[in-house]
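Numbering of ligands and ligand atoms starts at 1, following listing order.
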Amino acid sequence: MAIFSDLGLSEEQLTAIHELGYDEPTPIQEQAIPVVMSGRDVIAHAQTGTGKTAAFALPIIARIKPEKVPQALILTPTRELAMQVAEAFFRYGKHAEVRVAPVYGGQPIERQLRALSRGVQIIVGTPGRIMDHMRRGTLALDNISVVVLDEADEMLDMGFAEDIEYILQQTPAERQTALFSATMPSSVLDLALRYTRDPQRISVVSETLTAPRTKQVYYEVLPREKLDALCRVLDVETPGSAMIFCRTRAEADHLGESLQGRGYLAEVIHGDLSQAMRERVMKRFREGQAELLVATDVAARGLDIADVTHVINYDVPGDPESYVHRIGRTGRAGRTGLAISLITPRERRQIQTIERTTRSHIQRMKLPSLADVAARRREAFREALREVLAAGSLDPYVLMVEEMAESHEVTDLAAAAFKLLLNEAEQEDTLVSVEGDGAGTEPGMTRLFLDVGRLDRVRPADIVGAIANEIGIPGRQIGSIDIYDRFAFVEVPSEHAPRVVRGLGGVSLRGKPVRVSFAKPRG
Ligand SMILES: Nc1ncnc2c1ncn2[C@@H]1O[C@H](COP(=O)(O)OP(=O)(O)OP(=O)(O)O)[C@@H](O)[C@H]1O
Ligand SMILES: [Mg+2]
């Protein structure tokens, strides 16, 4: 087992590490710290959440010379990550007294100018703002001895490649270059080799590209059912802190509003927001004032937020790398996590591609029914009740109970109080999810699977009636109907199946509106 004191770090640094509660170096730290310390170029690759920041920050701090000139330059793809990495340098360099300045867009340039003019040794920033300062002559890179590209594959990809090239050209040719990421697709590796000299390749090999203690699941839903499906999953999972990723800024805004409208503590972050807003949102989420962070991929890379228990892909990411980084926001530093993807039936192929590339298994799950949601709420209610009982101070209420117990049974009283508090009225509507499985059906018929929720009162005749009268499929064309508990199987002519599926959303069963949760009719 490796220990930090074997890695050539200073006493001050070992103290800082100890204070942070790090017992031993992670594998990437063990391998990369000596190499970065030696001054050799590095291309390093290790899973999300395994401490890559310290793997480059500690040896860089150890090598900083006393002169107050920029000696190390760390480039990150987003402002939030620049801030976070700058803070990490502060923490790891706490007792070494190195001077670090974050330099990123959106922040008043004057503040950064003041920081730079006071003399800094380590600059952490986004390429755009770094270039601004270079052009203004407020940031000279001629004493830079090491450049780190955090999230290197992203930085060398289309969006940033030109800027990186420009910045690197302004640094001394004999500088050290270190590239770190959890992903390094071969297309980018070629480019990486162009910017490094005889680099040491470090790859902490593991079975999967994704964090090992993050369980991965997916639900198949229709696009228009996504919001309901998401809410149902959230209600069953009750995450304390979750990140929900969307493809576009507009989608993130829209979803954020919908979730807020339904009473969730949700915040939104994406690149269209003002910098002040971005910082406020991140602060609220980091401090736990917001439970859900709805985000675009701007928040997918590098962010280290303690206790994110769930990552939800509201849209399947375009490429496997993006998936790896998104779900890497949970299950960090040895913790467990759950990654949930909502996919439409046409996106099944994308899930398979992701599974193949990341060498991990993504398990298909059945969407929780309203009954599951209700059961979860009741469980949470019981827990809360036990806490109240344990906390005591119930005297005024005991008096109330005693008074009412003169005319009612105590059990009835408690039951009535539960009913009032659980307020389950809205849970009473019927959920119908539809799935054509085709198995065991007559030729030309599609079997639909309905989850009629808690409505054990529903009879075959109700279903025939609804389909015949409200959707207009003649009753005689409807095949067999079987009801088991809260599930029903209904056979309809395949040609009408899509219409029935669509139509079920508008019908009522026993006077209760039906909500269709997902549909997959065959044929
Ligand atoms: N040796 C260590 N022991 C315990 N915890 C550590 C150690 N090194 C780092 N950590 C913690 O692990 C967490 C993840 O670290 P970091 O953000 O550097 O991961 P990363 O590998 O850069 O992940 P990503 O690929 O997502 O950017 C941080 O909260 C950090 O404080
Ligand atoms: Mg990182």
Original post:
Near T53, which atoms of ligand 1 are under 4.0 Å from a heavy atom of that residue?
Top reply: 16 (P), 17 (O), 18 (O), 22 (O)
**OP:** Could you tell me whether a side-chain N or O of R99 sits under 3.5 Å from a main-chain N or O of G119, the two making a donor and an acceptor?
**Re:** yes
Original post:
Which protein heavy atom lies closest to atom 4 (C) of ligand 1, and at what distance to 0.1 Å?
Top reply: Y22 CD2, 3.6 Å
**OP:** Check whether the side chains of R129 and Q107 place a donor and an acceptor atom closer than 3.5 Å, and report yes or no.
**Re:** no
**OP:** Determine whether the side chain, the backbone, both or neither of F56 has a heavy atom under 4.0 Å from any heavy atom of ligand 1.
**Re:** neither
Original post:
How close does the nearest protein non-hydrogen atom get to atom 12 (O) of ligand 1, and which residue and atom is it?
Top reply: A333 CB, 3.4 Å
Original post:
Any side-chain heavy atom of T177 sitting closer than 4.5 Å to one from T171?
Top reply: no
Original post:
Between E379 and R376, is there a side-chain N and carboxylate O pair less than 4.0 Å apart?
Top reply: yes
Original post:
With a 4.0 Å cut-off on heavy atoms, is Q47 touching ligand 1?
Top reply: yes
**OP:** Please check if the side chain of Q121 supplies one atom and the backbone of K65 the other of a donor-acceptor pair under 3.5 Å.
**Re:** yes
Original post:
Are R329 and ligand 1 in contact, using a heavy-atom cut-off of under 4.0 Å?
Top reply: yes
**OP:** Among all protein heavy atoms, pick the one closest to atom 17 (O) of ligand 1 and tell me residue, atom and distance.
**Re:** R332 NH2, 2.9 Å
**OP:** Identify whether the distance between the nearest side-chain nitrogen and carboxylate oxygen of D304 and R332 falls below 4.0 Å.
**Re:** yes
**OP:** Indicate yes or no: at least one non-hydrogen side-chain atom of I130 is less than 4.5 angstrom from one of Y166.
**Re:** no
**OP:** Kindly confirm or rule out an N or O of P25 lying under 3.5 angstrom from an N or O of ligand 1.
**Re:** no
Original post:
Which heavy atom of the protein is the closest neighbour of atom 14 (C) of ligand 1, given with residue, atom name and distance?
Top reply: D304 OD1, 3.4 Å
Original post:
So is G49 polar-close to ligand 1, meaning N/O to N/O under 3.5 Å?
Top reply: yes
Original post:
Closest non-hydrogen protein atom to atom 21 (O) of ligand 1, residue and atom name please, with distance?
Top reply: K52 NZ, 2.8 Å
**OP:** Rounded to the nearest 0.5 Å, what's the gap from CG on L259 to CG on L227? Could you check?
**Re:** 6.0 Å
**OP:** Compute the shortest N/O to N/O distance between T50 and ligand 1 and return yes if it is under 3.5 Å, no if not.
**Re:** yes
Original post:
M277 versus R280: any side-chain heavy-atom pair under 4.5 Å?
Top reply: yes
Original post:
Using a distance-only test with no angle check, is there a side-chain donor-acceptor pair under 3.5 angstrom linking Y218 and E347?
Top reply: no
Original post:
Any N/O of H325 closer than 3.5 Å to an N/O of ligand 1?
Top reply: no
Original post:
Which atoms of ligand 1 are found less than 4.0 Å from any heavy atom of F4?
Top reply: 1 (N)
Original post:
What protein heavy atom sits nearest atom 8 (N) of ligand 1, and how far away is it?
Top reply: Q29 NE2, 2.8 Å
Original post:
Which of the numbered atoms in ligand 1 are below 4.0 angstrom from a heavy atom of E151?
Top reply: 27 (O)
**OP:** Would you tell me whether Y104 and E80 have side-chain atoms, one donor and one acceptor, within less than 3.5 Å of each other?
**Re:** no
Original post:
Of all the heavy atoms in F180, does at least one lie under 4.0 Å from an atom in ligand 1?
Top reply: no
**OP:** Could you list which atoms of ligand 1 come closer than 4.0 Å to a heavy atom of E24?
**Re:** 1 (N), 2 (C), 3 (N)
